[in-house]
Protein chains: 2
Amino acid sequence: MFGWAGSILEVNLTSGKIFKRRLEPEFARKWLGGEGFGAKVLWDEVGPEVEDGLDPRNVLIYAAGPLTGTMAPSSGRFEIITKSPLTGIFGDSNAGGFFAPELKSAGYDMLIIRGRAEKPVWLWIENGRVEVRDASRLWGKTVSETDAAIKQELGDRDIQVSCIGPAGENLVRFAILVNNLVRAPGWTGCGAVAGSKNLKAVAVRGTKGVNIARPDEFENACREARKKVRGVRLFETRRKLGTMYLFRMFYTMGHSVLNNYNITQCPPDHFENICGEKWAEDYIVRQTSCYGCEVQCGHYATVKDGPYAGLSGDGFEYGTFGAYCQWYGSSNLAFAMAAVKYCNDNGMDGTEPGMLLAWATDCYKRGIFNKEDTDGLELDWGNEKAALEILMKINHREGLGNLLAEGVARAARATGKGSEYFAQTQKGRSCFEANVRTSYGCASGSMFSTRGGDHLKGFPYWEFSAPPEEASRWKWGNPKTGDYRTGEGKAPMTVYGQNIFTLIDMLGTCKFHTRLALDGLDEADYARLVALATGIDFTVLELMTIAERVYNLEQAFNNSLGISRKDDRLPDMYYDVPLNGGPLDKKTIMKREEVEKMIDDYYALRGWDLKTGVPPRKTLERLGLEDVAEDLERRGVLPR
Amino acid sequence: MFGWAGSILEVNLTSGKIFKRRLEPEFARKWLGGEGFGAKVLWDEVGPEVEDGLDPRNVLIYAAGPLTGTMAPSSGRFEIITKSPLTGIFGDSNAGGFFAPELKSAGYDMLIIRGRAEKPVWLWIENGRVEVRDASRLWGKTVSETDAAIKQELGDRDIQVSCIGPAGENLVRFAILVNNLVRAPGWTGCGAVAGSKNLKAVAVRGTKGVNIARPDEFENACREARKKVRGVRLFETRRKLGTMYLFRMFYTMGHSVLNNYNITQCPPDHFENICGEKWAEDYIVRQTSCYGCEVQCGHYATVKDGPYAGLSGDGFEYGTFGAYCQWYGSSNLAFAMAAVKYCNDNGMDGTEPGMLLAWATDCYKRGIFNKEDTDGLELDWGNEKAALEILMKINHREGLGNLLAEGVARAARATGKGSEYFAQTQKGRSCFEANVRTSYGCASGSMFSTRGGDHLKGFPYWEFSAPPEEASRWKWGNPKTGDYRTGEGKAPMTVYGQNIFTLIDMLGTCKFHTRLALDGLDEADYARLVALATGIDFTVLELMTIAERVYNLEQAFNNSLGISRKDDRLPDMYYDVPLNGGPLDKKTIMKREEVEKMIDDYYALRGWDLKTGVPPRKTLERLGLEDVAEDLERRGVLPR
């Protein structure tokens with residue numbers, strides 16, 4: 001098959017069975033790849049009876065897309081889909097690097113891992129040859145150690161490895177699978193799922209390449225797409241600072257954050273220490289890149305002096321730094337680098353621990369936690385020693401770390417005593433590190449995410465990243481769309497954002513090349529690329545319909561678990577506590593009526609039931625999801 | 001797709017998920033249908049960790065073939081494949097009737113049922129619409145009651161129902177799924193698997209028909225095949241007596257059986273009461289037939305006088321009658337009818353209870369069981385009252401019935417005290433009701449069956465059913481093949497029989513139309529039919545290679561569970577105790593050296609390892625089973 005590699009690899013770790021299935025063309029066209037493939041398999045195979053993502057009946061799915069591993073710009077991406085052990089709902093996450101092109105070049109569009117091995121194992125895929133190998137020697141090793149040990153064992157440095165660190169082994173609920181040392185599908189805890197399956201790593205070597213249906217035209221289209229990307233307004237900024245350019249953007253507009261969001265705008269001196277420009281000047285050594293990327297937004301960085309001198313690495317982002325330098329209140333990027341590097345190398349999400357530190361410190365300062373609860377540690381904003389010690393405790397689930405390894409939402413539920421109020425989570429995941437509290441657009445994207453608190457499911461940043469006059473060009477048809485102070489006009493932006501980002505996560509390319517994030521490639525560009533790669537005349541309409549189908553399926557998956565309108569919410573604190581600091585209006589800006597209206601608008605546009613947020617039969621049928629309607633009816637989620 | 005319906009229906013009873021997959025053309029061509037489809041899915045999904053067939057992780061697979069539901073003669077058949085709760089190894093069984101054409105006409109080649117429903121359910125399939133319905137009202141009902149209740153509920157008498165009776169609900173290990181009241185995949189306990197899944201019934205209504213690639217030529221070929229069947233030597237015999245003609249054949253040659261095989265030939269007066277001619281004269285009322293059958297070997301029969309007067313029904317066979325009238329020693333066909341009817345309507349295999357009665361009576365008479373063990377019943381050969389009471393006890397797992405519900409092999413293992421010696425089983429299933437003890441050919445077919453003691457996996461009856469001079473025509477190349485007194489020359493007949501019968505069980509047609517069983521259709525006839533139906537130019541070689549692939553896969557499945565040469569055996573008693581009665585040589589005829597030599601020959605011809613009976617990598621690779629070789633290597637079943 002063109003564009004697609006043509007095979008699905010299935011491994012049952014309980015039985016040790018390994019088998020391959022051909023990718024069925026009808027399935028491929030209906031679900032496209034990546035997030036679509038995974039959502040469908042997860043829906044089919046994992047029902048509500050699998051209560052915990054750590055249940056061996058959960059499945060762990062790696063899925064590439066029809067553009068993965070091609071010449072399309074930034075096409076090195078894949079999705080991991082699983083029932084999240086962090087949130088208990090639909091879990092997907094996307095990663096770059098070089099792993100996915102290798103998997104696809106070995107002949108596989110999707111890898112489905114089921115069951116639980118009796119002893120630690122790793123999976124070795126060399127084109128058609130697949131082996132489950134003993135991993136006892138690798139157990140306990142960090143990501144970099146594991147990566148090196150596998151490459152050494154096989155005597156091949158070009159092997160691509162996706163592995164867990166100790167955090168995944170210890171079932172830390174936000175543990176990750178890391179490839180290329182620092183690239184990871186970081187959210188929703190896929191590393192804990194791998195750990196629960198006793199799966200240390202997946203290593204892959206593929207030499208088959210990817211077939212393209214119309215290679216000459218495709219090459220041309222890729223060249224043009226790359227040219228377009230290089231010419232966009234944000235290109236140089238993204239290239240130079242990566243996601244770190246966001247610090248200044250948010251700060252300038254007053255959407256900065258400090259100290260578990262108790263302060264809504266960080267003070268100027270703090271900001272100047274953590275902003276992208278500071279990062280570029282003091283730490284960045286050189287650019288790094290994922291497979292086939294035009295922007296190359298990664299950066300290798302080094303600490304030149306001070307207590308962290310010599311600490312070097314890659315994989316630092318606004319999100320992770322935001323957690324330590326804003327939520328946890330540190331003004332020291334070098335410390336944040338140390339924290340993030342520890343998380344990456346031990347295989348845990350870099351952001352959640354920062355949010356945990358912020359929440360725990362908030363609780364400590366309010367007397368909800370005392371020194372007994374914190375194993376004797378004195379918690380304070382930006383306390384570096386305590387933070388690094390707590391990261392280790394989380395990684396090994398020791399003392400306070402055992403509680404925090406559950407993530408903010410579960411830890412707060414277990415702690416009680418009012419601590420929930422300061423836990424800023426949505427459907428089990430921490431809110432985005434930026435401005436959910438100060439922007440209706442961001443709140444909308446995060447509230448309606450199918451994987452819990454999130455900005456990358458819908459990326460409602462158009463209000464920031466595009467100049468207001470573009471509202472009409474983008475046809476939202478509502479000048480209020482670009483106004484962060486109102487819920488009005490947010491639904492079209494959110495739905496469009498969710499659909500286009502779902503599409504990107506199906507294609508196997510990077511969101512940071514899109515019009516939405518970079519003013520880069522739009523849906524017509526992608527339709528052209530995927531049509532030339534696959535030889536199927538995909539239109540924009542068909543692609544966006546697939547995206548809508550997948551998003552609805554994810555919603556249905558969550559609905560079947562009891563998720564409904566009550567869960568599409570903001571933390572209460574965002575309605576109660578007035579803003580402080582920064583150029584924004586000091587009065588509380590989140591209003592319940594406005595948010596409820598925003599939910600109505602969003603559900604109406606999605607064609608979902610206003611009371612429950614469940615897609616009704618009519619909507620599901622329009623999307624070719626009759627079987628999902630039947631399933632929801634059987635469960636009583638939809639009335640018959 | 002032509003010949004194939006084109007879809008696979010998958011139902012997970014634990015999660016309630018229902019979904020459909022397109023049948024992948026490559027998969028279809030490699031595994032053909034029926035037994036092939038099921039063996040592949042079972043291999044892929046069920047590993048040795050699923051120790052008991054009653055584990056919810058076992059799968060229950062209904063599979064039709066490319067000829068099922070077409071105009072090909074006797075094409076109403078399907079397979080049920082599952083891990084057998086009776087034998088603990090590969091389990092498949094085939095049934096006729098009208099269920100399979102309906103399933104295929106609803107659009108499905110295969111139905112895969114996974115998991116376990118929380119409460120009793122039944123599955124309702126109406127073309128594309130599939131529902132899991134509440135079966136609490138049906139639970140406890142017999143087969144005929146269930147069949148009637150479902151048809152009444154849906155107001156459609158043409159619905160096809162495959163259901164369990166109380167035996168399946170009570171997890172009797174040889175319980176069956178019955179369709180058309182008396183047609184059943186009777187062996188290896190699929191009804192207990194359904195019961196363990198809380199699945200009472202599958203009801204199906206299909207109105208789509210089956211597409212044929214070259215309809216005119218196919219119609220012609222079917223007409224010719226039917227003509228050929230009608231012209232064969234055994235046609236009238238089969239038509240008139242069904243399988244009951246076998247009584248006289250075996251008797252005449254001295255391979256009759258009596259009283260748990262303690263007597264190797266039944267006396268003339270006993271024989272005359274139970275033979276096919278007696279059956280035809282005193283009981284048969286009219287012929288009955290499965291879908292599209294030329295022979296119509298079924299018979300509706302009635303007891304005209306005596307204590308069972310008025311008892312009527314269908315579904316009586318040599319195998320079942322043999323169990324009660326030979327093994328259990330009754331000379332009353334009316335009693336056997338009562339026993340078989342009770343088994344059918346309560347959803348248990350009709351033969352195993354007869355073998356259990358024979359074994360239990362043998363044990364009782366030898367003092368291994370006393371009256372306490374038998375709940376006060378006096379066991380004696382042919383005791384009708386005790387037998388019918390024990391059948392009820394088995395059905396409800398009461399008293400002695402709870403032990404016997406485990407089947408002969410497990411019951412003997414649990415009882416000990418030497419009772420195992422009189423338990424005539426092979427790989428967990430009772431030996432065929434006829435002449436395993438007196439014929440090397442029959443012993444060979446039964447020993448090497450992948451589903452335990454059996455004659456229908458290999459049907460090594462050529463020595464009886466074809467005149468000796470045909471040996472050369474059939475190209476066995478060894479005149480000894482037709483001699484039941486020697487192990488020589490049995491391997492080619494057994495391998496051919498296994499391959500051709502595996503082919504038939506993949507195609508969805510009836511073994512009783514084949515050259516092997518009826519001197520009817522041969523592999524060239526089938527190749528022609530399947531090529532015209534599917535539009536794929538299947539050759540005899542390709543079809544026989546598929547059959548070999550499937551048989552090897554079944555062997556590998558069993559090998560991965562620890563099955564090896566030690567299990568390809570005969571009951572010790574067959575070597576020790578001399579024959580008695582009948583025209584055969586009175587000396588013991590089974591000789592260990594001869595049997596061992598026969599095993600060597602068979603393994604050598606199969607290309608299996610002589611020491612273990614495991615197919616080595618070379619053999620597996622030749623059959624396109626590289627992944628199976630890898631699996632066996634990983635498990636240490638094959639050396640790396």
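Lettering follows sequence order; numbering is per chain, from 1. Keep in mind that this is a model prediction, so the values were computed, not measured.
- The closest side-chain heavy-atom distance from B/N12 to A/E45 is not below 4.5 Å.
- Considering CG of A/D627 and NZ of B/K20, their distance stands at 6.5 Å, rounded to 0.5 Å.
- With a threshold of 4.5 angstrom between heavy atoms, B/R114 does not approach chain A through any atom at all.
- Residue with the most contacts toward chain A among B/V46, B/I18, B/V50, B/V130: B/I18 (heavy-atom pairs, distance under 4.5 Å).
- B/E51 CD: 12 or fewer foreign heavy atoms inside a 6.0 Å radius.
- Across all non-hydrogen atoms, the minimal contact from A/S15 to B/P48 is O-CD, 4.0 Å.
- For the set B/R21, B/E626, B/K17, the count of heavy-atom pairs under 4.5 angstrom toward chain A peaks at B/K17.
- Within 6.0 Å of the CD atom in B/E118, the count of heavy atoms belonging to other residues, nucleotides or ligands does not exceed 12.
- At a threshold of 4.5 Å between non-hydrogen side-chain atoms, the residues A/T14 and B/E49 count as touching.
- In terms of heavy-atom pairs under 4.5 angstrom with chain A, the leader among B/P25, B/G16, B/G115 is B/G16.
- Interface remark: B/E24 contributes backbone and side-chain atoms alike to the contact with chain A (heavy atom separation under 4.5 Å).
- A distance of 11.5 Å separates CZ in B/R634 from CZ in A/R133, rounded to the nearest 0.5 Å.
- Within 6.0 Å of CD in B/E621 there are more than 12 heavy atoms belonging to other residues, nucleotides or ligands.
- B/F19 approaches A/K40 most closely through the heavy-atom pair CB-NZ, 4.1 Å.
- Interface remark: of the candidates A/L23, A/D44, A/V628, A/V132, A/D44 forms the most heavy-atom pairs closer than 4.5 Å to chain B.
- Contact count versus chain B (heavy atoms, under 4.5 Å) is highest, among A/E26, A/R22, A/R57, for A/R22.
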